[in-house]
Q: 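Dropping a structure here in structure tokens format, bear with me for questions.
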2 protein chains.
Amino acid sequence: MVTLAEVAQHAGVSASTVSYVLSGKRSISTNTRQRVEESIRELGYHPNAGARALASSRSNIIALMVPLRTDMYVPVMMEIAIAVATTARAHGYDVLLLTGEEGPDAVRRVAGSGLADGMILMDVELEDERLPLLRGGDTPGGTRPGVRADQPAVLIGLPADTSGLTCVDLDFRATGALCVEHLAKLGHRDIAVIGEAPAVYERHTGFAERTLDGLRSGAREAGVRLLHRPCEGGYDAMALTLARILDERPGTTGFVVQNESAVEPLLALLRQQGRAVPEDVSVVAVCPEQVAVQASVRLTSVAIPAQEMGRYAVEHLVAKLDGRDGDEVVLIAPELTVRASSGPAPSRA
Amino acid sequence: MVTLAEVAQHAGVSASTVSYVLSGKRSISTNTRQRVEESIRELGYHPNAGARALASSRSNIIALMVPLRTDMYVPVMMEIAIAVATTARAHGYDVLLLTGEEGPDAVRRVAGSGLADGMILMDVELEDERLPLLRGGDTPGGTRPGVRADQPAVLIGLPADTSGLTCVDLDFRATGALCVEHLAKLGHRDIAVIGEAPAVYERHTGFAERTLDGLRSGAREAGVRLLHRPCEGGYDAMALTLARILDERPGTTGFVVQNESAVEPLLALLRQQGRAVPEDVSVVAVCPEQVAVQASVRLTSVAIPAQEMGRYAVEHLVAKLDGRDGDEVVLIAPELTVRASSGPAPSRA
DNA sequence: CCCTTTCGTCGAAGCGCTTCGACAGCTGTA
DNA sequence: TACAGCTGTCGAAGCGCTTCGACGAAAGGG
């Protein structure tokens, strides 16, 4: 491996000069800079990451913690991960991939070892075990002294208590409200919500509950009836859930679907039962754009802006690492796109 | 941050002793070991990753290069990535997430900087630009001297020339043959293949072409007719493709689907046209288990063993890093599971 | 009983980089 | 002319760890 010293020798300057050329932290004459750059190119020099991290106590690595489970939103997760990696590179960072598996220990390990300069957490639960370790500022009596990692971090998702934390997320509350509002305006009075898998609610994943909140308060405001049912993905689960819903509320004409793997099954089932979309029933989905346009009926939907979330998360984290930015909660405003799956409620029989 | 030296002092031993306790590279008396371990726990010590990497020239990091595009097999990619991360941790490695974006430069950068000890590449093309940098052994005249990264690497996927490379993949050739064979045995004489998006073939992704090979030779052997059509995912594209297929070969009774996002649209279209599955037409898919069982008809399928591929890749890489293992091509044998979507061909009208 | 091994521990030398303080040579100002 | 203030460069100290050789002590062999 080529070292800094070799580059320096080749260029006829000292090692520190080469270092300053690389970092730009001191002014260098144009002449010297060019000679050094030429040597770097010629020798194919790459700075050694470990040495750099040791000397500067900055690793230029961001840790990204993705959920281990794949029971929800896999494409969204993937898209976020890729956006994070891409954006991070653009800012000179690499991304370390952690799975939720290790839980809080991963936070301790990464923070303690200086492996990463900061972290981004996905799939945050309302009372997440990892949060006490991340909370900046003062959490009086909250953490045992010496245990605080105080790792710069950004969450994708919203916990119950966001004090001392930076979070980025779609405003799922507004999303829920928006969906109901859309259907209510079209005259639907009985709306069913196909939610995420029961397990998602059980572990108190913030976005699911917040969406529900929004749906409920939207319904209250618009004076429509709302029936919420969790649903595993897949055809069979959807069939069962739909049957129950129509049994309980035969007059249901509006559906809000949050579970992306229930979308296509729902459409197939409705078709099979002779209920036309959007003539007889309307469907609004909360899902990535791609799912909405690729479905068998182009779906009216609120997009989940995965890329944007990943990008914002990195940008806020980098700002924090540069000391440019404090704690903050960024909620992305939802946008509802009307497509072919929603229309006026049928006139009452 | 707590350092080795502080632990040593706290335990009343020298720094090197602590280091040997940690690495186990020299024998340590039980007594000393326990005292040191106790101090480590008490002080909450985590070795500094940079220092460790610098001193040992091992980073204990594996780089994983995932495709930037998301035009195919997203859940498979995700599953592989998670399996890689999990398996790597079990072997004491962390995973660095790289996107294909940087191309060969990423290989140079990571290898040159010692950021990672080895790498795993996904989405390998037949003539992949990154390969010359990875090829071990002698590639006479192949690479400019000094350019060879000679980075220990494992590919997930098969390039045209595997010499000097370690690869892990499903045996897609056998997979194709297996699908045709299954349908042929059931009496189907006209088989259509719904392939990946055209772009996938254009960039010569190995698995797509190898599957096709297998399908064709299987068809030749079984004496059945085969019609292959690439297909973007989604309902509209599938509708168009299906219409063309049935126009050209109205007698088609067997379908092999490789594009996972064409599966559900195909089933919906067939249903809509009054063709019953499996009574009138049979469908065999190449897809993850989960997709097969969640579809509206439980699909006869060859599973894509994503987890296994990720795990094997890591295990081979780790073996290589330990000097325990040479170059090798591991092809996982395909397994066809019969479910509800395939049955005997209808008797000829 | 002495000499050789083996065991357990230590000190010191780096690994390749960043960064601080020093300083030589200039420019510009008084 | 002299001195303050830049600018551009260098040397050296250290970041926290691994690892090599050394060495005293205990154990085994002749």
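Note: hydrogens, waters and symmetry copies are ignored here, and every other heavy atom, side chains too, is used. Every chain is numbered from 1, with letters handed out A, B, ... down the list of sequences. Every value quoted in this text rests on a predicted model; they were computed, and no experiment measured them.
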Q: Quick check on DNA chain C: between B:Ala51 and B:Ser27, whose nearest nucleotide comes earlier from the 5' end?
A: B:Ser27
Q: Should the pair B:Asp94-A:Arg109 be classified as a salt bridge under the 4.0 Å nitrogen-to-oxygen rule?
A: yes
Q: What is the distance from CE of A:Met1 to C1' of C:dC17, rounded to the nearest Å?
A: 16 Å
Q: Any side-chain N or O of B:Ser56 less than 4.0 Å from the OP1 or OP2 oxygen of D:dC17?
A: no
Q: May I ask you to evaluate whether B:Lys25 reaches the phosphate of D:dT19, defined as a side-chain N or O under 4.0 Å from OP1 or OP2?
A: yes
Q: State whether the distance check finds a donor on one side and an acceptor on the other, under 3.5 Å, for side chain B:Arg26 versus base D:dG21.
A: yes
Q: In this structure, how many angstroms lie between the P atom of C:dG8 and the CZ atom of B:Arg35, rounded?
A: 14 Å
Q: Provide, to the nearest angstrom, the distance between the CZ atom belonging to A:Arg52 and the P atom belonging to D:dG16.
A: 18 Å
Q: Whole angstroms only, please: what is the CG-C1' distance between A:Asn31 and C:dC26?
A: 16 Å
Q: Return the value, rounded to whole Å, for the distance between atom CD of B:Glu6 and atom C1' of D:dC15.
A: 13 Å
Q: Is the base of C:dC20 touched by the side chain of A:Tyr20 through a donor-acceptor pair closer than 3.5 angstrom?
A: yes
Q: Under 4.0 angstrom, heavy atoms only, what part of the nucleic acid is A:Ser16 near: base, sugar-phosphate, or nothing?
A: base
Q: So which nucleotide from D:dT9, C:dG16, C:dT18 ends up closest to the side chain of A:Thr3?
A: C:dG16
Q: Does this structure show an ion pair linking B:Arg203 with B:Asp128, if we count only N-O contacts that are shorter than 4.0 Å?
A: no
Q: Can you tell me how far C1' of C:dC10 sits from CG of B:Leu4, to the nearest Å?
A: 14 Å
Q: So what does A:Ser19 touch, heavy atoms closer than 4.0 Å: a base, only the sugar-phosphate, or nothing?
A: base
Q: Give the rounded distance in Å between these two atoms: CD of A:Gln34 and C1' of D:dG8.
A: 15 Å
Q: Please work out if B:Leu54 contacts a base, only the sugar-phosphate, or nothing of the nucleic acid, heavy-atom cut-off 4.0 Å.
A: base
Q: Expressed in angstrom and rounded to an integer, what is the separation of B:Arg33 atom CZ from C:dC7 atom C1'?
A: 13 Å
Q: Check whether any side-chain N or O of B:Ser113 sits under 3.5 Å from a backbone N or O of A:His46 as a donor-acceptor pair, and report yes or no.
A: no
Q: Closer than 3.5 angstrom, by distance alone: can the side chain of B:Ser23 be matched with the main-chain N or O of B:Ser19 as a donor-acceptor pair?
A: yes
Q: Check every atom of C:dG8, C:dG16, D:dT9 against the side chain of A:Asn48 and return the nucleotide holding the closest atom.
A: C:dG16
Q: What is the nucleic acid contact for A:Ile28, judged by heavy atoms within less than 4.0 Å: base, sugar-phosphate only, or nothing?
A: sugar-phosphate
Q: Is B:Lys320 salt-bridged to B:Asp325, going by a charged N under 4.0 Å from an acidic O?
A: no
